[in-house]
2 protein chains.
Amino acid sequence: MKLNELKVACSSCNLRELCLPVGFGRDDLTRLDALVASRKTVKRGDALFHAGDPFQSLYAVRTGFFKTCVSSEDGRDQVTGFQMAGELLGLDAISQDRHTCDAIALEDAQVCQIPYSQLESLSREFTELQHSFHKIMSREIVRDHGVMLLLGSMRAEERLAAFLLNLTQRLAARGFSPTSLVLRMTREEIGSYLGLKLETVSRTFSKFQEDGVLEVKQRHIRVLDLDALHALLNSSSAC
Amino acid sequence: MKLNELKVACSSCNLRELCLPVGFGRDDLTRLDALVASRKTVKRGDALFHAGDPFQSLYAVRTGFFKTCVSSEDGRDQVTGFQMAGELLGLDAISQDRHTCDAIALEDAQVCQIPYSQLESLSREFTELQHSFHKIMSREIVRDHGVMLLLGSMRAEERLAAFLLNLTQRLAARGFSPTSLVLRMTREEIGSYLGLKLETVSRTFSKFQEDGVLEVKQRHIRVLDLDALHALLNSSSAC
DNA sequence: CGTGTCTTTGAAGCGAGTCAATCAGGGTGG
DNA sequence: CCACCCTGATTGACTCGCTTCAAAGACACG
């Protein structure tokens, strides 16, 4: 066994508290190691998979940043999520044995490949894994419902505030500063995710800067007034 | 064993081709029967569960029609789906051991109660069930992504067309006429689902009627020109 | 037959989209 | 090392689709 393969094992991965094995004990973790077949490198701009590709494996993001997007027959497309370290890609593909969205790396990335058939068989004899996997799928459903709420009933400022708060929370959980971040995606990608045009995203960033809520320098964002962002979400009756 | 309990068994349920046991053989079906604990009746307007309720069971709709809706802290709320016979309710609750949305019956309904712990243990020794359950969760994710596409990039007419096409397809799969239907939900609920105000929904229905695409009499809808509905989705370049 | 809920329709206003021009960086090649 | 180019970001002016506010109509139910 080669040394760099040891490194990739779940049992020694620093993401184990965020990824599939949340809450696992030491013994559980070593059982998981059998599951992760290999690492895979994806360069910025490249696709990990495309819609229509046959489904073999799920992928856990180790490093880097992804977007997933679906597209309709008439060429419309929609960013459905942004994934960072510890998050799973490919859950949509189980339903039809084919991927239903594209997963594109927004920066150079590394993923762990998890063959789905092995995940199924291992989780049959390993209750914690089964439970953990179900929770992750369910969490994705809950997340999607939150996005539906956002897209269905929020105004531009509220959408961007919700987006930034979500991003900073997830970054904070990974040990990054919750007040200073670098966006990995373009204004257009943010807009697609939030159901806005890129100009509206840009204008809203500028508005936040004027109001002293953010400092915006291209993709570098500093949160100056976290309460103001929260306030945008907790009081729709602000008008 | 009482006669009416025999009737509720998956092995003799006429929904078995739409529900959890899709593609199961005779033997598989009888193994499933152990899973469904009981039936439950929900009256029109009542909740099957509320957001925050502790999670015990999933529910399969036997008869009737439900809506699920999430709400944010500030009282905004969003219909996240409409469920009919054979569809599962409660998948969102697995992630946090609590329901995250309300499930409200839009007409008198009957559901099968599926204790989640039993579903987990049975699916550990029963590959087909495990696989089927995973597919159902994954399908929910794919559906949500479709709704996100709708909410993020479609205009009012396109949203309503997509909604109606989806509804008629699901009704057709259950043996109902694909051209004539009775809406179980109000304009406001449709609007909430589609990210529109109820007046806009009403106006769009009227527009479709003027154009000869639909015949609309309150909640009674007849589809006159199916192609026109499809055309609204397949050519955004119609302008 | 009245009452409340849901639906329809109109008129006016506004938020976000569209179109277009300019600006800022990052990378590349001379 | 710098000028250039290309992509992405910003900003402005105008337009349009949807929302808002308001009133009237239709239906279901007691």
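Throughout, a chain's letter reflects where its sequence line sits, starting with A, and its residues are numbered from 1. Since this is a predicted model, take the numbers as computed values, not measurements.
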TODO: Please determine, by modelled atom types, if A:Q113 and A:S38 share a side-chain donor-acceptor pair under 3.5 angstrom.
DONE: yes

Task: Rounded distance in Å - CE (B:M154) to C1' (D:dC18) - done: 17 Å

Task: Between C:dT7 (C1') and B:K207 (NZ): distance, integer Å - done: 19 Å

Task: Rounded interatomic separation in angstrom, taking CZ from A:R187 and P from C:dG17 - done: 16 Å

Task: Most 5' of A:H220 and B:E188 on DNA chain C, judged by nearest nucleotide - done: B:E188

Open item on the list: Which residues in residues 189-203 of chain B have a heavy atom closer than 4.0 Å to any atom of DNA chain C?
Closed with: B:L198, B:E199, B:S202, B:R203

Task: Nearest-0.5 Å distance that lies between atom CG in B:L151 and atom CG in A:L151 - done: 5.5 Å

TODO: Let me know the distance between CZ of B:F205 and P of C:dC6, rounded to the nearest Å.
DONE: 16 Å

Task: Among A:L165, A:V213, A:T179, A:L164, the one residue meeting side-chain contact (heavy atoms from CB on, under 4.5 Å) with A:L226 - done: A:L165

Task: Gap between atoms NZ and P, on B:K217 and D:dA26 respectively (whole Å) - done: 14 Å

Task: Euclidean distance, atom CZ of residue B:R155 to atom P of D:dT15 [Å, nearest integer] - done: 19 Å

- [ ] May I ask you to decide if the ring planes of B:F55 and B:H99 are parallel, tilted or perpendicular, using 30° and 60° as cut-offs?
- [x] perpendicular

Open item on the list: Output the rounded distance in Å from CZ (B:R219) to P (C:dC6).
Closed with: 7 Å

Open item on the list: How long is the straight-line distance from CG of B:L48 back to CZ of B:F66, given to the nearest 0.5 Å?
Closed with: 5.0 Å

Open item on the list: Rounded to whole Å, how long is the line connecting atom CZ of A:F208 with atom C1' of D:dT10?
Closed with: 16 Å

Open item on the list: Distance check, rounded to the nearest 0.5 Å: A:L194 atom CG versus A:T200 atom OG1?
Closed with: 10.5 Å

